[in-house]
*Asks:* 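Structure below; questions to follow.
Chain letters run A, B, ... following the sequence lines, proteins first and then strands; every chain starts at 1.
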There are 2 protein chains.
Amino acid sequence: MPENIDEVGAELRRAAVRLYSRFRSERVEGEVSEEALLVLITLDKQGGMSLSDLAAAAKVTLGSISQTVRRLEQLAYITKSRDTEDRRKVVFALTEQGQQASTASRRHRQDWLNARLGELTAAERADLLRIAPLLLRIADS
Amino acid sequence: MPENIDEVGAELRRAAVRLYSRFRSERVEGEVSEEALLVLITLDKQGGMSLSDLAAAAKVTLGSISQTVRRLEQLAYITKSRDTEDRRKVVFALTEQGQQASTASRRHRQDWLNARLGELTAAERADLLRIAPLLLRIADS
DNA sequence: TATTGTTATACTCTATAACTATA
DNA sequence: TATAGTTATAGAGTATAACAATA
């Protein structure tokens with residue numbers, strides 16, 4: 001039975017808020033935000049996505065993602081072109097600079113997090129890896 | 001050994017960002033933000049805190065928390081008074097309205113999350129409860 | 001008409017820096 | 001001088017709503 005379900009929820013909420021806040025604060029001058037980085041990573045894995053594709057992947061509105069990509073475009077981290085078949089659509093691609101920025105940001109942030117994770121036991125790390133998909137499932141439900 | 005430590009980190013980061021985003025989006029008209037709610041909950045558990053206390057509890061700067069409490073004060077959810085011993089300090093307390101708003105917000109958000117958690121197995125919930133402190137430890141390290 | 005994007009507006013979070021008041 | 005707090009400024013994320021372009 002959902003014995004302590006309220007407790008689980010409260011702990012989870014607190015953990016997510018704090019963790020997000022902490023991740024964000026690890027960002028240094030010149031690095032893009034968490035959300036923008038996820039866009040770069042998404043485009044790295046699968047180029048040629050439209051604005052709608054990116055909005056769906058990030059689970060935000062079109063208006064929201066539109067501003068995020070505008071900033072990334074101003075930084076010359078991504079390029080925007082028109083879809084030749086359906087000219088209402090735009091197609092985004094990662095630039096060489098965007099690629100580099102993405103890699104550098106990821107490395108820097110992983111360095112910090114890896115140090116934290118390294119302080120855990122192997123069992124705890126295994127727990128985390130097992131739980132992460134669960135968290136994503138909840139977030140995307 | 002940190003075999004898949006990068007993977008753990010990447011998954012964790014993605015989960016935290018998504019989860020935070022999802023929690024935030026569950027907020028409805030008239031409810032305070034996640035961050036403001038944490039302030040209300042903090043004051044509920046331990047009244048009479050100063051601005052510095054609240055900033056430390058939330059792990060944000062004084063300037064940042066100052067604006068959060070200003071909004072909460074405008075909503076009449078908290079009251080601010082001067083410390084009688086050290087008049088540089090302020091003391092915050094939850095009002096009856098703040099108490100109610102906090103309870104209502106928590107209940108509403110828990111309803112949503114509980115529904116999600118209810119879909120998990122008891123073992124998965126136990127995992128989450130065990131892992132949450134780990135996440136907080138990482139966030140606060 | 002329906003779909004794809006863009007832009008304007010508004011609100012929140014956050015940090016830093018300059019400033020006030022009190023110790 | 002040092003400490004507690006406030007406020008101004010700036011940048012980012014988000015949503016909604018009004019708008020433009022294309023299908």
Side-chain angles (χ1 to χ4, degrees), chain A residues 16-40 48-75 77-78 80-92 105 139, chain B residues 16-40 48-75 77-78 80-92 105 139:
Chain A
V17 174
R18 271 289 188 51
L19 213 46
Y20 172 79
S21 169
R22 183 59 194 256
F23 282 155
R24 185 168 48 179
S25 77
E26 286 307 312
R27 174 186 173 201
V28 298
E29 178 78 36
E31 282 185 358
V32 299
S33 67
E34 287 297 316
E35 292 78 6
L37 181 55
L38 288 186
V39 169
L40 295 182
M49 297 176 83
S50 70
L51 192 69
S52 304
D53 293 336
L54 288 175
K59 311 259 181 194
V60 295
T61 63
L62 277 172
S64 181
I65 201 75
S66 184
Q67 296 172 67
T68 299
V69 300
R70 182 171 51 186
R71 284 187 288 267
L72 288 172
E73 202 190 354
Q74 284 168 348
L75 290 168
Y77 286 173
I78 64 179
K80 181 166 66 176
S81 53
R82 283 283 158 185
D83 185 310
T84 50
E85 306 204 329
D86 182 342
R87 294 189 47 74
R88 289 173 306 181
K89 290 188 180 174
V90 290
V91 181
F92 295 98
S105 281
Chain B
V17 174
R18 272 287 189 52
L19 212 47
Y20 171 79
S21 169
R22 184 59 194 256
F23 283 155
R24 185 168 50 180
S25 77
E26 286 308 313
R27 175 185 173 202
V28 297
E29 179 77 37
E31 282 186 357
V32 300
S33 68
E34 287 297 317
E35 292 77 7
L37 181 56
L38 289 186
V39 169
L40 295 183
M49 298 176 81
S50 70
L51 192 69
S52 304
D53 293 336
L54 288 175
K59 312 260 180 192
V60 296
T61 63
L62 276 173
S64 181
I65 200 75
S66 183
Q67 297 173 64
T68 299
V69 299
R70 181 171 52 186
R71 283 187 289 267
L72 287 172
E73 202 191 353
Q74 285 168 345
L75 290 168
Y77 286 172
I78 64 178
K80 181 166 66 178
S81 52
R82 283 282 157 187
D83 186 309
T84 50
E85 306 204 330
D86 184 342
R87 296 189 46 71
R88 290 173 304 181
K89 291 188 181 175
V90 290
V91 181
F92 295 98
S105 282

*Asks:* Among the candidates D:dT6, C:dG5, C:dT14, find the nucleotide nearest to the side-chain atoms of A:Ser50.
*Replies:* C:dG5
*Asks:* Rounded to the nearest 0.5 Å, what's the gap from OG on A:Ser50 to NZ on A:Lys80? Could you check?
*Replies:*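 Output value for this atom pair is 12.5 Å.
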*Asks:* Between B:Leu72 (CG) and C:dC11 (C1'), how many Å, whole number?
*Replies:*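 Taking CG of B:Leu72 and C1' of C:dC11, I get 14 Å after rounding.
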*Asks:* What distance separates A:Glu34 CD from B:Tyr20 OH, expressed to the nearest 0.5 Å?
*Replies:* 12.0 Å
*Asks:* Would you check if B:Val90 and B:Arg82 make a side-chain contact, meaning some heavy-atom pair closer than 4.5 Å?
*Replies:*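 The answer is yes, as the side chains (C-beta and beyond) meet within the 4.5 Å cut-off.
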*Asks:* Rounded at 0.5 Å granularity, tell me how far CZ in A:Phe92 sits from CG in A:Leu54.
*Replies:* 6.0 Å
*Asks:* Name the residue closer to the 5' end of DNA chain D, choosing between B:Asp53 and A:Arg87 according to the nucleotide with the nearest heavy atom.
*Replies:* B:Asp53
*Asks:* Are A:Val39 and A:Ile65 close enough that some pair of their side-chain heavy atoms sits under 4.5 Å apart?
*Replies:*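 The answer is yes, as the side chains (C-beta and beyond) meet within the 4.5 Å cut-off.
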*Asks:* May I have the distance from A:Lys89 (atom NZ) to D:dA20 (atom C1'), rounded to whole angstrom?
*Replies:* 18 Å
*Asks:* Rounding to a whole Å, what distance do you find between A:Glu26:CD and C:dT14:P?
*Replies:*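 Distance, rounded to whole Å: 15 Å.
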*Asks:* Starting at the 5' end of DNA chain D, which residue's closest nucleotide do you reach first, A:Thr84 or A:Arg71?
*Replies:* A:Arg71
*Asks:* Answer with base, sugar-phosphate or nothing: what part of the nucleic acid does A:Asp83 contact at a heavy-atom distance below 4.0 Å?
*Replies:*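 No contact.
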*Asks:* Classify A:Ser52 by what it touches in the nucleic acid, base, sugar-phosphate, or nothing, heavy-atom distance under 4.0 Å.
*Replies:*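 Contact class for A:Ser52: sugar-phosphate only.
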*Asks:* Give B:Ser33 one of three labels, base, sugar-phosphate or nothing, depending on what nucleic acid heavy atoms sit under 4.0 Å from its own.
*Replies:* sugar-phosphate
*Asks:* Check every atom of C:dA23, C:dT14, D:dT14 against the side chain of A:Arg24 and return the nucleotide holding the closest atom.
*Replies:*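 Closest nucleotide among those given: C:dT14.
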*Asks:* Would you compute the distance between atom CZ of B:Arg88 and atom CG of B:Asp86 and round it to the nearest 0.5 angstrom?
*Replies:* 4.5 Å
*Asks:* What's the closest nucleotide to the side chain of A:Arg27 if the choices are D:dA12, D:dT7, C:dT6?
*Replies:*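 Nearest to the side chain of A:Arg27 among the choices is D:dA12.
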*Asks:* Of the nucleotides C:dT6, C:dA2, D:dA12, which one has an atom closest to the side chain of A:Arg88?
*Replies:* C:dA2
*Asks:* What is the distance from atom CG of B:Leu75 to atom CD of B:Glu73, rounded to the nearest 0.5 Å?
*Replies:* 10.0 Å
*Asks:* Starting from P on C:dC11, measure out to CZ on B:Arg70 and report it in whole angstrom.
*Replies:* 14 Å
*Asks:* May I have the distance from B:Tyr20 (atom OH) to C:dC13 (atom P), rounded to whole angstrom?
*Replies:* 7 Å
*Asks:* For nucleotides 15-17 of chain C, tabulate all protein N/O to nucleotide N/O atom pairs closer than 3.5 Å, reporting atom names and distance.
*Replies:*
residue : atom : partner : partner atom : Å
C:dA15  : OP2  : B:Thr61 : N            : 3.1
C:dA15  : OP2  : B:Thr61 : OG1          : 3.1
C:dA15  : N6   : B:Gln67 : NE2          : 2.9

